[in-house]
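Notes follow the structure.
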There are 4 protein chains.
Amino acid sequence: MPSDLRRERDRIRSERRRQAVLDAAARVFVRQGFHRTLISDIAAEAKVGQGTFYRHFPDKPAVFRAVFDRFAESLFAGFAGMSARLPRDAREYRDMSVAAIRELAKGLERNRELALMLLREAPTVDPALQERVDSLHDAFVDLARGYLDHAVAEGFARPCDTRLVAAAIVGLGVAMAHRWWIGRIPGASLDHMIEELVDLVFHGLSR
Amino acid sequence: MPSDLRRERDRIRSERRRQAVLDAAARVFVRQGFHRTLISDIAAEAKVGQGTFYRHFPDKPAVFRAVFDRFAESLFAGFAGMSARLPRDAREYRDMSVAAIRELAKGLERNRELALMLLREAPTVDPALQERVDSLHDAFVDLARGYLDHAVAEGFARPCDTRLVAAAIVGLGVAMAHRWWIGRIPGASLDHMIEELVDLVFHGLSR
Amino acid sequence: MPSDLRRERDRIRSERRRQAVLDAAARVFVRQGFHRTLISDIAAEAKVGQGTFYRHFPDKPAVFRAVFDRFAESLFAGFAGMSARLPRDAREYRDMSVAAIRELAKGLERNRELALMLLREAPTVDPALQERVDSLHDAFVDLARGYLDHAVAEGFARPCDTRLVAAAIVGLGVAMAHRWWIGRIPGASLDHMIEELVDLVFHGLSR
Amino acid sequence: MPSDLRRERDRIRSERRRQAVLDAAARVFVRQGFHRTLISDIAAEAKVGQGTFYRHFPDKPAVFRAVFDRFAESLFAGFAGMSARLPRDAREYRDMSVAAIRELAKGLERNRELALMLLREAPTVDPALQERVDSLHDAFVDLARGYLDHAVAEGFARPCDTRLVAAAIVGLGVAMAHRWWIGRIPGASLDHMIEELVDLVFHGLSR
DNA sequence: AATGAATGAGGGTTCATTCAT
DNA sequence: GATGAATGAACCCTCATTCAT
């Protein structure tokens, strides 16, 4: 049945188009921000007609949401492979944290402008987007809290309100990443910054 | 030629009007965000004609900037009276920090929605606004760093990269305030949160 | 009775004000044209408040009309003294024409920018103004025709459709004045131009 | 990627639309003048949306300029075929002039309202338009001067400042056309007027 | 009477969305 | 399905006119 073949080919081509528009949208959003971006800018960047944009996305917030979600997924995908082995003492715990954060930072470095843009713009796009940003944040807090609970249970860290501390750690991390990316942490290497921050926290949690 | 008296009375009345428009703008921005706010919304909220808006502000970004600046000034004004006495030991240092932060938090509580809005919207209004947010942040980092340097000099705190740590503390503070305000730190009192965070940092900086 | 005195003084002062606004309006119209001129421009130029403008003129077209009428009157006033003696031969006729036109030109030279502006702008202000420009033109045609009829009657000029020829002479005159003022008649003295044109016409009307 | 055929068809359709908007603009300008005409008037007259106007012209002065330029071109196009043969004596010269002017007048008769409007409004639209009107005038003066120089060289006309006289002739012609069109030359046929004027000038230039 | 702040209708322009080809 | 011209609602801003002081 050739029509099935044809249909499949069309589906693939359509999906490729959608990705192209999505990529273009991400680039333009990074360059101009959400509110200064016109549908025609995205279409032009993707080298398709404006009508084609509407075949793949119902409106501007929708394509922003798609950009955001794709980024969020890639972020978690980066974590999936990481949490392999649990540390056995405080020292190992600290070194693994440094390594993990370094890895995360390296991965983000490629998309830092995208990440910055999403952090900046998402809360003003839509209440829905605002919610998603907060949920993403929560997800990281939950992740951190899991590690922290383990550390407390194993006696690597002093007992504390782990939910609160996890939130603090994530908040600190996001804030510092932000300021690092916008160049407001001058005269320090990324590695130095990471070590200093991890030390601050580990020291702060030591028994 | 109008009398000086008349001119002065007009100036005062005009300033009152300007404040009324500014207040109205702040309320509408909080309610709807910058981008969903129309000039006509602001004028209606202030109960003046649209033309009156333009007598006092050249455009929407300008009134936003004015709202932002007024808030930033009130923020610093709140600090002016605080930094009276320097602490003489780590314990006093810790207690004073808790007290100061509590005070700050209480002051912000009244304007929390405004603060949230500014934090959220400012970076998408204007490159100039983005810069101002970052500078405000920097100002707090400098402030924190001053205290920190003193603490290290006096031996209350271990030596460290005070610039980095100050940035971390401010970042952590802003992030937690943010999450507290949006209700993502459930089941904890403000006082508990402040103490827990101050302890984390003080512990992290103890010798 | 002091109130009569007072009333008279007020009337004089009001009239002075009116003239000041009128002068200011003329200057601004010359500088910017009718359509680019705001009431506030006129008030500022006259150094009075906007409200004062409306005490003396109901709106913008009205003040333009007043500027126009004042100019038209001064134009005719200039002629009043001129038409003293009628010429007795063609030669005298020609010399008197040159002298009269020279006089007229000299008088206009002081107001040439005003004249140009009125010529340019009046037809687009108002149908009423358009009509007034045409009537002014007609008045000059009638004047010219009177002279012409006399010249034909006396045998200085060949018989012709004097209405048509008078219109042609005035049209030619206005057109040349216009082009002279805007600098499109380069490399000729005013006197040379006048003589050349008068000669053309007198030659054209000679028997 | 659209086919060449499609692109060509679109181009033609777009050009047709542009002409429709241009025609509509000319009609509305004639009816209401430049300054009383709204973009929405033009769009309504052309039976298109306001947005469509902006697809073809950036603003109101631009469409006026286009109307003006199209008229100016058609004016010159009318002349192209005319200046075929040069006259061999004064009589022929006179008759050819009458014929040419009659032809020109007939051609203009169809567009007399447009011509009047352009003459009236152009100088108040834009400094650029003012310049264009003057240049158009100059072009006619140059044309007339060419004929005049030839006439003098051949001895049909007496020596004179041909530039000045050419300017005078064109000025006279434009002024009379204007007054003819607005009905201020009552009781004379067009032909009579033309002959009378040509005679005046020819007589004026005869040896 | 003079002032100039206040007003809001008016009009230019943009741009998300539709739709004929 | 793809295109981009067409649309017109939406919104910003101006400025003639009014009016409280």
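Keep in mind that the numbers below use all heavy atoms, side chains included, and drop hydrogens, waters and symmetry copies. Labels below follow one simple rule: chain letters A, B, ... track the order of the sequence lines, proteins then strands, and each chain is numbered from 1.
Backbone-only contact: B:Arg13 has heavy atoms under 4.0 Å from sugar-phosphate atoms and none from a base.
With contacts defined as side-chain heavy-atom distances shorter than 4.5 Å, the pair D:Leu38/D:Val28 does not qualify.
Listed by chain and residue number, nothing satisfies the side-chain hydrogen bond (donor to acceptor under 3.5 Å, both in side chains) test with B:Arg18 (two or more places apart in sequence, or in another chain). Contacts of D:Arg17 classified as side-chain hydrogen bond (donor to acceptor under 3.5 Å, both in side chains), with partners at least two apart in sequence or in another chain: none. With sequence neighbours left out, B:Arg16 forms a salt bridge (Lys or Arg N to Asp or Glu O under 4.0 Å) with no residue at all. Scanning for salt bridge (Lys or Arg N to Asp or Glu O under 4.0 Å) contacts around A:Glu113 gives an empty result, with sequence neighbours left out. Residues passing the side-chain hydrogen bond (donor to acceptor under 3.5 Å, both in side chains) test with C:Arg70 are C:Gln19, C:Asp23, sequence neighbours excluded. Applying the side-chain hydrogen bond (donor to acceptor under 3.5 Å, both in side chains) criterion to C:Glu45, with sequence neighbours excluded, gives C:Arg27, C:Arg31. D:Ser74 meets the side-chain contact (heavy atoms from CB on, under 4.5 Å) test with D:Phe71; sequence neighbours excluded.
Within residues 28-59 of chain A, the residues having any heavy atom closer than 4.0 Å to DNA chain E are, in order of number, A:Leu38, A:Ile39, A:Gln50, A:Tyr54, A:Asp59. Within residues 121-132 of chain C, no residue is approached by DNA chain E to less than 4.0 Å at the level of any non-hydrogen atom.
Here the C1' atom of nucleotide E:dT21 and the CZ atom of D:Arg16 are 14 Å apart, to the nearest Å. Between the CZ atom of A:Arg7 and the C1' atom of F:dG1 there is a distance of 15 Å, rounded to whole Å. Distance, A:Lys60 NZ to E:dC15 C1': 10 Å, rounded to whole Å. To the nearest angstrom, P of F:dG1 lies 14 Å from CD of A:Glu15.
Taking 4.0 angstrom as the limit, A:Arg11 places none of its side-chain polar atoms (N or O) nearer than this to OP1 or OP2 of F:dG1. Using a 4.0 Å cut-off, some side-chain N or O of C:Arg17 falls inside it from OP1 or OP2 of E:dA2.
Under a 3.5 Å cut-off, the side chain of B:Asp10 and the backbone N or O of B:Arg7 do not form any donor-acceptor pair.
Within the structure, salt bridge (charged side-chain N to carboxylate O under 4.0 Å, His left out) contacts touching residues 115-127 of chain A (residues at least two apart or in different chains) are A:Arg65-A:Asp126.
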In dot-bracket form, 5' to 3', how is DNA chain E paired? Count Watson-Crick and G-U wobble pairs only if both distances fall under 3.5 Å, and write | where the partner sits on another strand.
.||||||||||||||||||||
N/O donor-acceptor pairs under 3.5 Å from side chains in residues 52-62 of chain A, not counting sequence neighbours:
from: A:Asp59; atom 1: OD1; to: A:Ala62; atom 2: N; distance (Å): 3.1
from: A:Lys60; atom 1: NZ; to: A:Phe34; atom 2: O; distance (Å): 3.1
from: A:Lys60; atom 1: NZ; to: A:Thr37; atom 2: O; distance (Å): 2.9

